[in-house]
There are 2 protein chains.
Amino acid sequence: MQPYILIVEDEDALATLLEYNFEKEGYEVAIAIDGEEALVMAAERTPDLILMDWMLPKLSGVEACRRLRRRKETQATPIIMLTARADETDKITGLDYGADDYLVKPFSIPELFARTRALLRRAKPSLLEDVIRQGSIEIDNKAFRVKAGEKEVHLGPTEFRLLDHFMRHPGRVFSREQLLDAVWGRDVYVEARTVDVHIGRLRKALKKNVEIDPIRTVRSAGYAFETAAS
Amino acid sequence: MQPYILIVEDEDALATLLEYNFEKEGYEVAIAIDGEEALVMAAERTPDLILMDWMLPKLSGVEACRRLRRRKETQATPIIMLTARADETDKITGLDYGADDYLVKPFSIPELFARTRALLRRAKPSLLEDVIRQGSIEIDNKAFRVKAGEKEVHLGPTEFRLLDHFMRHPGRVFSREQLLDAVWGRDVYVEARTVDVHIGRLRKALKKNVEIDPIRTVRSAGYAFETAAS
DNA sequence: GTTCGTGTGTCAGGAATATAACATAATTAT
DNA sequence: ATAATTATGTTATATTCCTGACACACGAAC
């Protein structure tokens, strides 16, 4: 399951930018534009992490933060504060009131990602798990192992990255060019047809253990990974 | 179909950069190098969004913007202004003259994407939607799948694009020529009657699962997609 | 009934993909 | 270092599936 993040930010441009980037990174995102709405939305569905602006209409970020901490569901939910002021007082106060981390605007998106990951790893390690399973196929990024139907499968590095990429985006169709970008790398010059060959090799390797072919060919579009379940 | 964006920018390097990035993001891109060309190209094919430089040869961005607003087709088309000057006056003027948003150079590509998405979501939500449902028929552009009455339907690439086009404009009647333009592409020479054949194939594929025919034939005019609901 | 426009079956040609074979590069073992 | 092994990218060939065109049948409009 992809982590569900609640962004609480009243400035439209920033909210949109954050939404875009987090969605791209594979998170599920919801936006609240003030503290009150944040409380309502957090109650509706408990987020895995909250990104909260310090200054908010109706209910300040600090106050919203405090109230979230009083509820059982959101008591341990990681909260990152976004603040425009850089002074030390805010920092202390922010952390006192229950934020787990804070960032001073303007901040870099990669840094925000890094902190987000760090907090999620602490709070919900399973969400960032390196092991992904789809149907009877399992891929372990840490151990660089692939299992299909209980038995271990040996893949070359390229096929491994290919499968990994597919399994992180199940169901979605990727063109050969997209796969080259994502799996081979941006500035590598490789024939598009080469993708076919690796798809074939991946299929052959998986077929040894699993009956059905998890890779779907979409004529004139590319390939997609999917199990019967999806 | 993927959103069609018109980029109006005379600086070659920037235009190419934008083109590259937007295409990669899945947009269809056209480039105009001055205000006049922009007007011509926008008339030829109405863009879903326009990215316009403030400073342009022949016809300034502001003026081009004003003229686009006077035409019915582009009256509601979102326009994002790109300006090198950061002063407040420009900002006001730009928005006064009809731009929906503006960015000051240098801007970050992700932010531009974010704003683009935000404007498109407001103006043409269906363009960003991956899954469209009409009655008992569902089409998924990301996964390239079609379901009719719970069951999966297999379509060839052309039939898929045809159905996609219909479902994004439910109820509207398209002539064979319009369909050839939209589905086959502008510069393809194909017999108009071929559309009939593909309509037939699409109907046959859908009929397997759904009783009623969602495609209406409009004698001497063309075809339209509509479900009982509409 | 005649005319015009549309539905459908068929077919050849072509486009896209799968597969096998090979040469080369990279990695690992000795 | 050298040899052995494995992985990689390309090309050629086989195969599958799609496409566009045509002919004829059918049905609506007048």
Side-chain angles (χ1 to χ4, degrees), chain A residues 144-146 152-166 173-208 212-226, chain B residues 144-146 152-166 173-208 210-226:
Chain A
F144 282 87
R145 286 168 175 282
V146 176
E152 180 115 351
V153 176
H154 177 79
L155 295 180
T158 307
E159 278 96 54
F160 186 90
R161 290 199 306 276
L162 187 57
L163 178 61
D164 182 57
H165 182 252
F166 271 130
V173 174
F174 294 98
S175 70
R176 292 174 176 69
E177 286 70 26
Q178 288 177 317
L179 289 172
L180 285 174
D181 267 8
V183 176
W184 275 256
R186 225 149 244 276
D187 31 39
V188 181
Y189 169 66
V190 172
E191 284 293 319
R193 292 260 133 250
T194 301
V195 175
D196 296 30
V197 178
H198 282 272
I199 290 279
R201 286 172 182 155
L202 181 53
R203 276 178 169 148
K204 198 159 103 185
L206 294 175
K207 193 158 61 182
K208 286 182 182 167
I212 52 162
D213 182 6
I215 298 173
R216 179 166 62 105
T217 302
V218 182
R219 200 160 229 267
S220 82
Y223 300 93
F225 178 95
E226 47 205 12
Chain B
F144 280 80
R145 284 170 170 286
V146 175
E152 177 114 24
V153 176
H154 178 80
L155 296 179
T158 307
E159 277 95 54
F160 186 90
R161 290 198 306 275
L162 186 58
L163 178 61
D164 183 57
H165 182 253
F166 272 129
V173 177
F174 294 98
S175 70
R176 291 172 176 71
E177 285 70 25
Q178 288 177 317
L179 289 172
L180 284 175
D181 266 8
V183 177
W184 275 256
R186 346 210 89 241
D187 31 39
V188 181
Y189 169 66
V190 173
E191 282 294 318
R193 289 302 311 277
T194 300
V195 175
D196 295 30
V197 178
H198 282 272
I199 291 280
R201 285 173 182 154
L202 182 52
R203 276 177 168 149
K204 196 159 104 187
L206 293 176
K207 192 158 61 183
K208 286 182 182 166
V210 190
E211 344 58 58
I212 52 162
D213 181 7
I215 299 173
R216 181 165 59 101
T217 302
V218 182
R219 215 180 153 78
S220 79
Y223 299 93
F225 178 95
E226 45 202 15

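Values in this document were obtained by computation on a predicted structure and should not be read as measured data. By convention in this document, chain letters (A, B, ...) are assigned in the order of the sequence lines, proteins followed by strands, and residues within each chain are numbered from 1. FYI, side chains are in, hydrogens and waters are out, and symmetry mates aren't considered; it's all heavy atoms of this structure.
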Taking side chain to side chain donor-acceptor pair (under 3.5 Å) as the test, write out the residues that go with [X], two or more places apart.
| X | result |
| --- | --- |
| B/Arg176 | B/Asp196, B/Tyr223 |
| B/Arg216 | B/Glu226 |
| B/Asp181 | none |
| B/Thr217 | B/Arg203 |

Euclidean distance, atom [atom1] of residue [X] to atom [atom2] of [N] [Å, nearest integer]:
| X | N | atom1 | atom2 | value |
| --- | --- | --- | --- | --- |
| A/Arg201 | D/dG9 | CZ | C1' | 8 Å |
| A/Phe144 | D/dA7 | CZ | P | 14 Å |
| A/Asp196 | D/dT13 | CG | C1' | 14 Å |
| A/Leu155 | D/dT8 | CG | C1' | 14 Å |

At their closest point, which heavy atom of [X] faces which heavy atom of [Y], and how far apart are they?
| X | Y | value |
| --- | --- | --- |
| B/Leu155 | B/Ala205 | CD2-CB, 3.5 Å |
| A/Leu180 | A/Ala192 | CD1-CA, 4.0 Å |
| A/Thr158 | A/Val183 | O-CG1, 4.0 Å |
| A/Asp213 | A/Ile215 | OD1-N, 3.0 Å |

Touch check for A/Arg203, heavy atoms < 4.0 angstrom, all strands: base, sugar-phosphate only, or nothing?
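Result for A/Arg203 = sugar-phosphate.
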Give A/Thr194 one of three labels, base, sugar-phosphate or nothing, depending on what nucleic acid heavy atoms sit under 4.0 Å from its own. base
Sequence neighbours excluded, the answer for salt bridge (Lys or Arg N to Asp or Glu O under 4.0 Å) partners of B/Glu211 is none
- Message: Applying ring pair (Phe, Tyr, Trp, His ring centres under 6.0 Å), can you list everything that pairs with A/Phe166, at least two apart in sequence or on another chain?
- Response: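 Partners of A/Phe166 under the ring pair (Phe, Tyr, Trp, His ring centres under 6.0 Å) test: none.
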Fill in: Outermost nucleotides of DNA chain C that come under 4.0 Å of a non-hydrogen atom of chain B
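Span of nucleotides near chain B: C/dC4 to C/dT10.
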* side chain to side chain contact (heavy atoms under 4.5 Å, CB included) between A/Val197 and A/Arg193, worked out -> CA-CA 7 Å; A/Val197 178; A/Arg193 292 260 133 250; over 6 Å; no
What distance do [X] atom [atom1] and [Y] atom [atom2] have between them, rounded to the nearest 0.5 Å?
| X | Y | atom1 | atom2 | result |
| --- | --- | --- | --- | --- |
| A/Lys208 | A/Leu206 | NZ | CG | 10.5 Å |
| A/Phe160 | A/Arg145 | CZ | CZ | 10.5 Å |
| A/Arg161 | A/Phe144 | CZ | CZ | 9.0 Å |

Here the residues of residues 175-187 of chain A within 4.0 Å heavy-atom distance, strictly under, of DNA chain D are A/Trp184
Expected list for residues 156-164 of chain A near DNA chain D, using heavy atoms below 4.0 Å, is A/Gly156, A/Pro157, A/Thr158, A/Glu159
With sequence neighbours left out, the residues meeting side chain to side chain contact (heavy atoms under 4.5 Å, CB included) with B/Ser175 are B/Glu177, B/Gln178
Quick tally for nucleotides 22-28 of chain D: nucleotides whose base has a protein heavy atom under 4.0 Å get B, sugar-phosphate-only ones S, the rest -, giving B----BB
Relative to the ring of A/His165, is the ring of A/Phe174 parallel (under 30°), tilted (30 to 60°) or perpendicular (over 60°)?
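Aromatic pair A/Phe174/A/His165 classed tilted.
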To the nearest 10 degrees, how far apart in direction are the end axes of the helix from C/dG1-D/dC30 to C/dT30-D/dA1, each fit to five base pairs?
->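 Angle reported: 30°, given to the nearest ten degrees.
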Should A/His154 be listed as having a side-chain N or O under 4.0 Å from OP1 or OP2 of D/dA7?
yes
